[in-house]
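In what follows, every heavy atom counts, from backbone to side chain, and hydrogens, waters and symmetry copies are set aside. Lettering of chains follows the sequences in order, A, B, ..., and the numbering in each one begins at 1.
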Protein chains: 2
Amino acid sequence: MSERDDSTPRAVTMRDVAQAAGVSVSTVSHVVNDKKGARIGKEARERVQRAVQELGYRPNAMAKVLVKGHSRFLGLVADAIASTPFAGQIIRGAQDEAWRHGYVLLVANTEGNEAAETEAIAMMLEHKVRGVLYSAWYHREVEPPAGLTETDCVLVNCFAPGGDLPAVVPDEVAGGYEATRMLLAEGHRRIGFINTTSPSPAHDGRLEGYRRALTDAGVSFEPDLVVDARPDQEGGFEAIGPLLAQDVTGVFCHNDRVAMGVYDGVRERGLRVPGDLAVVGFDNQEVIAAHLRPPLSTVALPHYELGRVGVRVLLGLDQPADDGRVVVGCPPVHRASVNVTAGVNGPPAAPH
Amino acid sequence: MSERDDSTPRAVTMRDVAQAAGVSVSTVSHVVNDKKGARIGKEARERVQRAVQELGYRPNAMAKVLVKGHSRFLGLVADAIASTPFAGQIIRGAQDEAWRHGYVLLVANTEGNEAAETEAIAMMLEHKVRGVLYSAWYHREVEPPAGLTETDCVLVNCFAPGGDLPAVVPDEVAGGYEATRMLLAEGHRRIGFINTTSPSPAHDGRLEGYRRALTDAGVSFEPDLVVDARPDQEGGFEAIGPLLAQDVTGVFCHNDRVAMGVYDGVRERGLRVPGDLAVVGFDNQEVIAAHLRPPLSTVALPHYELGRVGVRVLLGLDQPADDGRVVVGCPPVHRASVNVTAGVNGPPAAPH
DNA sequence: CTGAAAGCGCTAACAT
DNA sequence: ATGTTAGCGCTTTCAG
């Protein structure tokens with residue numbers, strides 16, 4: 001199974017190295033950590049390095065933590081690691097940034113289970129994490145578990161009632177604005193908006209952005225052009241009918257899945273995207289958006305950034321605004337569902 | 001930001017508790033860990049428990065590791081945490097199973113970067129992990145990095161040349177067999193297979209399964225009904241034409257994205273799924289499969305299981321076969337793309 | 001029933 | 001230029 005040696009696979013310690021090199025442990029410590037102020041003879045240094053090589057010495061991170069008094073761990077508790085590709089991006093962003101600063105991520109996914117959450121946080125606290133990121137897979141208000149008060153904590157893709165905890169969240173309003181702009185920019189004036197039925201920051205923010213974009217373009221807001229639907233394919237499929245009946249020429253969908261349903265509905269009627277109807281989504285969910293026919297113009301949810309900025313705030317590298325928030329932009333992604341000539345990025349090569 | 005106290009936020013240790021409770025540290029240790037053989041007076045025990053509560057004592061996991069000689073860490077190095085929802089499932093499966101046995105996962109995603117990989121493994125080794133899972137996001141042969149020989153290691157969703165490392169992999173052959181069976185069971189006899197262009201265990205295994213299923217059903221294999229295409233929407237879209245021209249009534253697609261492209265191609269011709277063409281995918285990629293119109297019958301890639309079984313093998317709970325492999329089944333998922341009356345599971349409610 | 005003490009692997013003064 | 005030593009917070013004999 002592995003190259004473990006014989007009877008007592010006791011790990012090789014610093015003392016073993018010292019012994020083999022014929023020096024003291026502190027000397028070994030100095031050369032291994034490449035300490036600045038330490039003057040070690042070229043001679044001895046080499047002997048130590050050789051011994052390290054030969055014995056295959058690996059420093060014990062735990063022992064180090066113990067003496068230094070603080071670990072290089074960062075906790076990340078996620079409510080849904082799996083249900084969606086999104087959480088993965090948050091983790092990746094957090095991981096990359098943590099790594100860059102010498103931190104290791106302790107990830108726990110709780111699937112919303114409160115007991116698991118408490119246990120996960122206890123685990124992190126016992127590992128003396130430098131702080132923890134508490135994240136949600138979709139932007140919403142959360143009630144952070146009690147244990148979190150025992151350490152530094154920043155909320156990612158969610159926020160707490162009081163507003164006392166720093167929160168890193170996507171800019172829903174700007175996102176909705178951008179999405180609507182994409183349609184406006186192509187000359188559309190009757191623009192439908194299929195929003196979600198569930199009350200949420202996304203619901204309110206994107207609507208707000210839609211209205212503002214309309215206003216800024218001198219187009220009056222028509223309540224009838226906004227319909228709420230289940231935020232998935234079925235919802236989009238059903239919602240597009242009424243909108244088409246009102247002669248919209250473009251539609252902004254609450255998310256890419258809704259847009260996917262809209263595509264189906266449009267096809268069902270023998271119509272075409274974008275010729276008969278221009279469509280813009282939200283989320284930029286790769287599997288869907290980039291590979292629909294035609295590829296879907298959309299606005300990206302910045303999950304990677306969210307994770308990344310989350311650790312930056314945790315480490316004190318970025319400062320939240322006065323309201324405790326850091327708002328991350330949602331960049332527009334131009335593809336062919338608004339204007340045939342616009343989207344030029346063909347889908348990337350796919351493996352397996 | 002957090003409830004840190006004053007100047008020196010020194011953590012409360014066991015000694016503090018001992019002092020507060022008026023007992024010795026060893027007594028505290030005994031009651032905190034609920035040691036079996038320890039006879040502690042009801043009286044003292046209560047004092048300790050109270051002190052623990054009041055001081056908010058949290059045991060230091062690092063110190064514990066140091067004295068016990070081994071950690072409760074399991075490493076998981078993944079090549080692509082994010083590019084796909086798949087890796088997320090592997091992590092989740094591993095996490096759940098690890099957790100169940102009191103282990104904590106140290107996750108590192110390397111995005112295929114070799115330096116990151118080496119560094120990640122070094123990090124894990126320094127944390128004295130009990131072992132590490134090396135995983136790939138799509139089933140393939142890998143060259144596990146050298147550092148892994150220093151600890152127990154099991155391969156997940158991949159395998160090594162020599163076959164010396166235990167490997168947990170999906171049963172591609174059985175999967176291909178199942179997929180084909182779904183079509184055969186509905187009476188189809190001219191069944192196309194859109195395979196992938198990239199050579200891989202998936203390519204060979206699924207083809208093998210397809211052939212076996214045909215043979216077992218007394219249908220002769222026709223090479224012309226098998227076409228290789230890019231394993232995505234575009235590939236499926238283009239490949240379906242030639243197949244339709246050969247009067248296939250059903251098609252087995254290398255994956256769900258290919259099936260998505262096939263749907264488009266079928267629609268383009270004014271045809272219907274499953275009426276004019278029955279379609280079966282592979283992967284069971286939720287976002288796609290469950291929400292296509294009609295919902296796609298497919299075969300699931302058992303990522304969660306792969307991760308779960310990976311840690312079981314690592315912990316010695318499951319034994320690999322003589323060839324070092326543990327093969328995990330790919331269960332068929334019946335939806336409406338083969339037989340209208342078959343798929344009954346409407347898409348689940350979707351949040352946000 | 002409870003406490004004293006050794007020591008896990010390492011770092012950081014402090015000696016030499 | 002290098003060695004000695006005292007802990008970091010905890011578990012675990014071994015004595016009382």
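- Whole-Å rounding puts the A/Lys42 NZ to D/dT2 P distance at 13 Å.
- In this structure, A/His127 and B/Phe73 have tilted ring planes: the angle between them lies in the 30° to 60° band.
- A cation-pi arrangement is found for A/Arg140 relative to A/Tyr138, the charged atom lying closer than 6.0 Å to the ring centre and inside a 45° cone about the ring normal.
- The side-chain contact (heavy atoms from CB on, under 4.5 Å) check on A/Ser24 picks up A/Ser26, A/Thr27, with sequence neighbours excluded.
- In the helix from C/dC1-D/dG16 to C/dT16-D/dA1, the rotation axis of the first five pairs and that of the last five pairs differ in direction by 50°, rounded to 10 degrees.
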Strictly under 3.5 Å: I want the nitrogen or oxygen pairs between protein and nucleotides 6-10 of chain D, one per line.
| unit_1 | atom_1 | unit_2 | atom_2 | d |
| --- | --- | --- | --- | --- |
| D/dC8 | O2 | A/Val67 | N | 3.3 |
| D/dG9 | N2 | B/Ala63 | O | 3.4 |
| D/dC10 | OP1 | B/Tyr57 | OH | 2.5 |
| D/dC10 | OP1 | B/Asn60 | N | 3.1 |
| D/dC10 | OP2 | B/Met14 | N | 2.4 |

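- Under the rule for a side-chain hydrogen bond (donor to acceptor under 3.5 Å, both in side chains), the partners of A/Asp318 that lie at least two apart in sequence or sit in another chain are A/Arg312.
- Rounding to whole angstrom units, NE2 of residue B/His30 and P of C/dG3 are separated by 11 Å.
- Nearest-nucleotide mapping onto DNA chain C: of B/Ser26 and A/Met62, the residue sitting toward the 5' end is B/Ser26.
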(request) Could you give me the CA-CA distance, side-chain angles and deciding distance for B/Glu54 and B/Arg50, then say whether salt bridge (Lys or Arg N to Asp or Glu O under 4.0 Å) is met? (result) CA-CA 6 Å; B/Glu54 281 166 7; B/Arg50 189 137 10 112; 5.3 Å; no
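- None of B/Leu314, B/Leu74, B/Thr151, B/Val311 except one satisfies the side chain to side chain contact (heavy atoms under 4.5 Å, CB included) rule with B/Arg130; the exception is B/Leu74.
- Counting only residues at least two apart or in different chains, salt bridge (charged side-chain N to carboxylate O under 4.0 Å, His left out) contacts with residues 65-75 of chain B are absent.
- Contact check of residues 118-126 of chain A against DNA chain D (heavy atom, cut-off under 4.0 Å) returns no residues at all.
- The distance from atom NE2 of B/His70 to atom C1' of D/dT12 is 14 Å, rounded to the nearest whole Å.
- At a threshold of 4.0 angstrom between heavy atoms, the contacts of B/Val23 are confined to the sugar-phosphate backbone, with no base atom among them.
- Checking the phosphate oxygens (OP1, OP2) of D/dG3, a side-chain nitrogen or oxygen of A/Thr27 falls inside 4.0 Å.
- Side-chain N/O atoms of B/Glu97 and B/Tyr304 include no donor and acceptor closer than 3.5 Å.
- Computed from coordinates, the A/Glu43 CD to D/dA1 P distance equals 13 Å when rounded to whole Å.
- The shortest distance between the side-chain N/O atoms of A/Lys35 and the OP1/OP2 oxygens of C/dA12 is below 4.0 Å.
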(request) Give the intermediate values and the outcome of side chain to side chain contact (heavy atoms under 4.5 Å, CB included) for residues B/Trp137 and B/His303. (result) CA-CA 9 Å; B/Trp137 78 269; B/His303 289 102; over 6 Å; no
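- Side-chain contact check for B/Glu117 and B/Tyr134: at least one donor-acceptor pair (N or O, by modelled atom type) lies under 3.5 Å.
- In terms of heavy atoms, A/Pro302 sits closest to A/Val328 at CG-CG1, 3.7 Å.
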